[in-house]
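So the structure is just underneath, and the comments pick up after that.
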Protein chains: 2
Amino acid sequence: MLKQQDRLDPLFQAFADTTRRAMVDRLSKGPASVSELAEPLAMSLSAVVQHLQVLEAGGLVSSQKVGRVRTCRLEPLAMGTAETWIADRLCAWEQRLDRLAEFLAEDRDPDRANDHPRQRSTS
Amino acid sequence: MLKQQDRLDPLFQAFADTTRRAMVDRLSKGPASVSELAEPLAMSLSAVVQHLQVLEAGGLVSSQKVGRVRTCRLEPLAMGTAETWIADRLCAWEQRLDRLAEFLAEDRDPDRANDHPRQRSTS
DNA sequence: CTGTTGTTTAAGCATATACTTAAGTATAGC
DNA sequence: GCTATACTTAAGTATATGCTTAAACAACAG
């Protein structure tokens with residue numbers, strides 16, 4: 001099982017631009033063609049297509065062409081991968097705070113010091 | 001109340017690099033000095049400081065100097081801002097699926113079509 | 001076949017990123 | 001004061017990004 005950590009760079013890169021986030025926001029309301037995506041954006045169609053490539057490289061968006069129109073849709077799994085990465089670190093941060101609070105509680109109430117074996121300063 | 005949408009670019013940019021995510025990961029386990037952050041990384045201290053500046057520009061990390069050592073810590077609020085932005089779009093995407101399922105259910109069971117007034121194809 | 005629509009590709013350009021090395025500054029300890 | 005430690009700053013460089021314009025191309029519509 002290969003780590004997909006390698007794919008996180010282009011994934012987060014895809015989010016790091018206002019225009020691309022606007023496109024993701026649009027696609028969260030449902031699939032859209034390239035020109036529908038471009039319509040509210042103040043730039044050339046060509047630029048939009050390039051942003052689309054960045055979004056696809058990040059795995060955030062997939063698309064398929066039918067006739068002459070390319071329909072784009074959001075990839076919720078990739079969205080979830082990004083969200084989870086952040087949530088995991090927030091969780092670790094909070095757990096550390098919990099342990100800190102526990103440690104401080106033991107200092108206040110030494111009788112409970114043995115609940116969780118832990119070194120305490122004896123100086 | 002000014003939108004903080006402007007700050008999302010540098011926020012997500014901060015996540016878009018393996019080295020910086022490693023630093024965030026380290027800081028999720030607790031505060032660290034600049035050299036502690038740099039120690040596991042295969043690059044110059046100078047490069048690490050520059051990554052740190054990107055993290056601070058994104059609001060993900062804050063730091064303060066005491067004596068000659070700068071201590072860095074994670075900013076959970078900024079982490080939450082990024083997570084929430086993604087979660088909100090995922091939520092919108094799922095709600096659209098729900099409405100779609102509802103619509104299809106009405107098609108299968110026309111008696112319930114009036115529960116939620118909605119146009120249906122008559123062709 | 002001919003034009004319009006929807007996209008695609010290529011080339012070019014200004015700025016931003018991700019480093020490097022080298023030199024500088026500010027404590028802390030002896 | 002002298003020296004090691006912990007950064008800090010500056011300058012340089014290679015590659016990446018975010019656009020632009022112009023020129024295809026492909027699929028309908030008449």
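In what follows, chains are A, B, ... by sequence order, proteins preceding strands, each numbered from 1. Every heavy atom of this structure was used, including side-chain atoms; hydrogens, water molecules and symmetry mates were not. Since we're looking at a predicted model, the values are computed, not measured.
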In whole angstrom, what separates [X]'s [atom1] from [N]'s [atom2]?
X: B:F12; N: D:dG18; atom1: CZ; atom2: C1'; answer: 19 Å
X: A:Q53; N: D:dT17; atom1: CD; atom2: P; answer: 12 Å
X: B:D17; N: C:dA18; atom1: CG; atom2: P; answer: 5 Å
X: B:D9; N: C:dT17; atom1: CG; atom2: P; answer: 10 Å

Go through residues 38-45 of chain B and report each residue with a non-hydrogen atom lying under 4.0 Å from DNA chain C, sorted by number.
->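 Hits under 4.0 Å, by residue number: B:M43, B:S44.
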What's the shortest heavy-atom distance between [X] and [Y], and which atoms?
X: B:S62; Y: B:E75; result: OG-OE2, 2.8 Å
X: B:T19; Y: B:L41; result: CG2-CD1, 3.9 Å
X: B:W93; Y: A:P76; result: CH2-CG, 3.5 Å
X: B:A87; Y: A:E83; result: CB-OE2, 3.6 Å
X: A:C72; Y: A:V34; result: SG-CG2, 4.3 Å
X: B:G58; Y: B:L11; result: O-CD1, 3.5 Å

Mind checking what makes side chain to side chain donor-acceptor pair (under 3.5 Å) contact with A:Q13, not counting sequence neighbours?
->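 A:Q13 satisfies side chain to side chain donor-acceptor pair (under 3.5 Å) with no other residue.
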Side chain to side chain donor-acceptor pair (under 3.5 Å) partners for A:S44, two or more places apart |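 For A:S44, no residue satisfies side chain to side chain donor-acceptor pair (under 3.5 Å) once neighbours in sequence are set aside.
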Are A:H51 and D:dT17 close enough that a side-chain N or O sits under 4.0 Å from OP1 or OP2?
->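 No, because none of the side-chain N or O atoms of A:H51 sits under 4.0 Å from OP1 or OP2 of D:dT17.
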Roughly how far, to the nearest 0.5 Å, is CZ of A:R21 from CG of A:L60?
->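 The distance works out to 12.0 Å.
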At what distance, to the nearest 0.5 angstrom, does OG of B:S35 lie from CZ of B:R70?
->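 That separation rounds to 12.0 Å.
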Side-chain donor-acceptor distances from residues 48-57 of chain B under 3.5 Å, at least two apart:
{"unit_1": "B:Q50", "atom_1": "NE2", "unit_2": "B:S46", "atom_2": "O", "d": "3.3"}
{"unit_1": "B:H51", "atom_1": "ND1", "unit_2": "B:R20", "atom_2": "NH1", "d": "3.1"}
{"unit_1": "B:E56", "atom_1": "OE2", "unit_2": "B:S63", "atom_2": "OG", "d": "2.9"}

Tell me which nucleotide among D:dG18, D:dA6, D:dT9 gets nearest to the side chain of B:V69.
->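 Nearest to the side-chain atoms of B:V69, counting from C-beta on, is D:dA6.
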Counting only non-hydrogen atoms, which of residues 25-35 of chain B are less than 4.0 Å from DNA chain D?
->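 B:S33, B:V34, B:S35, in order of number.
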Proximity to DNA chain D (any heavy atom under 4.0 Å), residues of residues 55-64 of chain B only |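 Close to the strand, none.
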Hey, could you give me each pair passing salt bridge (Lys or Arg N to Asp or Glu O under 4.0 Å) that has a residue in residues 23-43 of chain B? Not counting sequence neighbours.
->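 Listed once each, the pairs are A:R89-B:D25, B:D25-B:K29.
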Any protein N or O atoms within reach of nucleotides 25-30 of chain D? Criterion: under 3.5 Å, listing atom names and distances.
{"unit_1": "D:dA27", "atom_1": "N3", "unit_2": "A:R68", "atom_2": "NH1", "d": "3.3"}

Heavy-atom side-chain proximity of B:I86 to A:F15 below 4.5 angstrom |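 Yes, close enough: below the 4.5 Å cut-off.
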Please tell me if the side chains of A:T18 and B:L8 come closer than 4.5 Å, counting only heavy atoms from C-beta onward.
->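 No, their side chains stay 4.5 Å or more apart.
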In the single-linkage hydrophobic clustering (I, L, V, M, F, W, Y; side-chain heavy atoms under 4.5 Å), do B:M23 and B:V69 co-cluster?
->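 Per the 4.5 Å side-chain linkage, B:M23 and B:V69 are not co-clustered.
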Tabulate atom names and distances for all N/O pairs under 3.5 angstrom spanning the protein and nucleotides 10-16 of chain C.
{"unit_1": "C:dA10", "atom_1": "N6", "unit_2": "A:S46", "atom_2": "OG", "d": "3.3"}

Identify, with sequence neighbours excluded, every residue that meets side-chain contact (heavy atoms from CB on, under 4.5 Å) alongside A:P31.
->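 Checked A:P31 against side-chain contact (heavy atoms from CB on, under 4.5 Å); matches are A:T71, A:R73, B:R96.
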